[in-house]
Amino acid sequence: MDFFGTDDLRRLAERQDIPCISIFMTTQRTDAEQNRIRFKNLLGKAGRMLAAENKENRDMGEEMKSARNLLEDLPFWQHQSDGLALFMGDGIFQTYRLPLPFEDLAVVSNRFHIMPLLPLAMNDMKFYILALSQKHVRLFRCTRQEIERVDLEGMPEDLEDALKYDDLERQLQFHTGAAGTGGRRPAIFHGHGVGTDDAKDRIIRYFQQIDKWVHTVMREENSPLILSGVEFLLPLYKEVSSYPRLMEQGILGNPDELGETELHKKAWDLVAPHIRKAQDDAIARYKDSIGTGKTSNDLEEIIASAAHGRIGVLFIAGDTQKWGRFDPDSGMIEFHQAQDSQNEDLLNLAAVQTLTKGGDVYVVKQEEVPDDAVAAALFRY
């Protein structure tokens, strides 16, 4: 499974090559031949749109060759999820097999069509689980739908050596003291036997090794990290962690006794409220700003404002497309009834411009867009 998040989305949004090809399709997990046929048809449609644009074949020769070769890659089509997204541009050939069915669509434009991916990237963030037990240290990369174990190459997985005292949980009685600096509550241990302080020191040293490894693996990440472990271990790891998005709440209990499915569900239950809260807060800010000149549901104004980096938050109806053309020099906007080789989805344009200029985009149901519109924007000024 290919993981897709906000970093991938922004990289695609920043590309403005001529031409850019975006293909979306629903895939069947058990029907490789049907998947190939559907992809072949969409690839043919993209080729015809390129020809209509009078693009020479050499402009996309290597990428189109890679796409045709993909048709013969039977293992690729036998291992699909619910949807496939393909992006081809100058030097780019990227596929994503995703747990989200797409409406079949081929778009040729001067930028990638990213609208169908926005629900995954913006409302279904990537997150990680670090499972700490006496027998294993495991890291999982997750989205709402998927969980995947990350290779621990180079990192010792065995915590037993650090916890080799007989039944450490009986030796150590953990309780939480007053809140310390940074809002963390220090771990306080009462010894019941020789070597208790040494045991704590060994755990901390081991956790420092894990933290260095996590920092190396996730140095370019901005995703939440959730700890899973017995109660006396989690405060010790928080004490040494340098990862900035370590969540305060964790999954208590021995993670070895939880299957991956249950571990994933418990982690999502902690992450989901943060995702929804960000969207709810943005909608509340929009409603509070109505009448101040800082909101709009006028699509022409929204498109022009996105091009100038004026939009801080954009809401878009996820099941709608508005085909047309926008001239950034003159500010002229044309709306067309249907897709053709001379236009693009103007909602996608507004989303791309908003993202590349540092704004947030939320794809919601039509009835959830403020002011009952297909798009609504909260302006920075």
Side-chain angles (χ1 to χ4, degrees), residues 3-10 13 98-100 114-130 140-147 179 182-185 218 221-228 234 238 241 243-252 262-292 294-297 302 306 310-319 347 350-351 354-355 357-380:
F3 282 82
F4 185 87
T6 53
D7 291 340
D8 303 272
L9 186 75
R10 293 184 189 279
L98 300 166
L100 179 71
I114 62 171
M115 275 284 290
L117 295 176
L118 284 169
L120 273 175
M122 304 306 293
N123 300 333
D124 191 15
M125 72 167 67
K126 182 169 58 177
F127 59 98
Y128 287 80
I129 305 169
L130 181 62
F140 297 95
R141 182 189 299 114
C142 308
T143 66
R144 172 66 183 92
Q145 294 87 2
E146 303 292 338
I147 178 170
R184 292 178 178 170
R185 300 174 72 85
M218 300 176 63
E221 289 285 348
N222 190 37
S223 304
L225 174 63
I226 301 165
L227 297 181
S228 175
L234 300 195
K238 291 177 184 178
S241 175
Y243 187 67
R245 294 208 63 192
L246 180 65
M247 291 188 62
E248 184 63 29
Q249 288 182 288
I251 303 169
L252 296 180
E262 187 176 0
L263 191 65
H264 180 232
K265 180 182 183 303
K266 288 179 177 293
W268 175 251
D269 288 343
L270 296 177
V271 171
H274 294 269
I275 299 175
R276 184 66 199 186
K277 184 177 185 302
Q279 179 176 311
D280 290 343
D281 289 347
I283 291 175
R285 292 200 308 275
Y286 180 96
K287 292 179 178 179
D288 290 342
S289 300
I290 292 175
T292 66
K294 293 183 66 176
T295 65
S296 177
N297 63 0
I302 288 172
R310 188 183 171 200
I311 296 179
V313 181
L314 178 65
F315 304 93
I316 297 178
D319 57 354
L347 290 177
T354 299
L355 286 171
K357 292 174 172 59
D360 295 322
V361 180
Y362 293 98
V363 176
V364 297
K365 297 178 181 179
Q366 173 72 66
E367 59 268 23
E368 293 180 327
V369 178
D371 287 342
D372 296 322
V374 295
L378 177 61
F379 299 134
R380 292 188 170 104

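Note that the structure is predicted; figures quoted are calculated from it, not measured.
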Spatial distance of atom NZ (K266) from atom CD1 (I129) [nearest 0.5 Å]:
11.5 Å
So, taking the atom named OG1 in T354 and the one named CZ in R310, what distance separates them when rounded to the nearest 0.5 Å?
12.0 Å
Nearest 0.5 Å, what's the NZ-CG distance between K277 and D280?
8.5 Å
In terms of ring plane angle, is the pair W268 and F127 parallel, tilted or perpendicular, where the classes change at 30° and 60°?
tilted
Within this structure, what is the OH-CG distance for the pair Y286 and N297, rounded to the nearest 0.5 Å?
5.0 Å
Looking at K238 and E248, does any basic side-chain N land under 4.0 Å from a carboxylate oxygen?
yes
Gap separating the CG atom of L347 from the CG atom of L314, nearest 0.5 angstrom:
8.0 Å
By side-chain contact (heavy atoms from CB on, under 4.5 Å), L100 pairs with (sequence neighbours left out) F102, L120
Under the rule for side-chain hydrogen bond (donor to acceptor under 3.5 Å, both in side chains), what residues qualify as partners of K265, not counting sequence neighbours?
D269
With sequence neighbours left out, write down each residue that passes ring pair (Phe, Tyr, Trp, His ring centres under 6.0 Å) with Y128, or none if nothing qualifies.
none
OG1 (T295) and CZ (R285) are apart, to the nearest 0.5 Å, by 13.0 Å
Neighbour count >12 (heavy atoms, 6.0 Å) for atom CG, D372
no
For the pair Q249 (side chain) and L227 (backbone), establish whether a donor and an acceptor sit closer than 3.5 Å, ignoring hydrogens and angles.
no
Please give me the minimum heavy-atom distance between S223 and R245, naming the atom from each residue.
O-CB, 3.7 Å
Closest heavy-atom pair and its distance - A282, V313:
CB-CG1, 4.0 Å
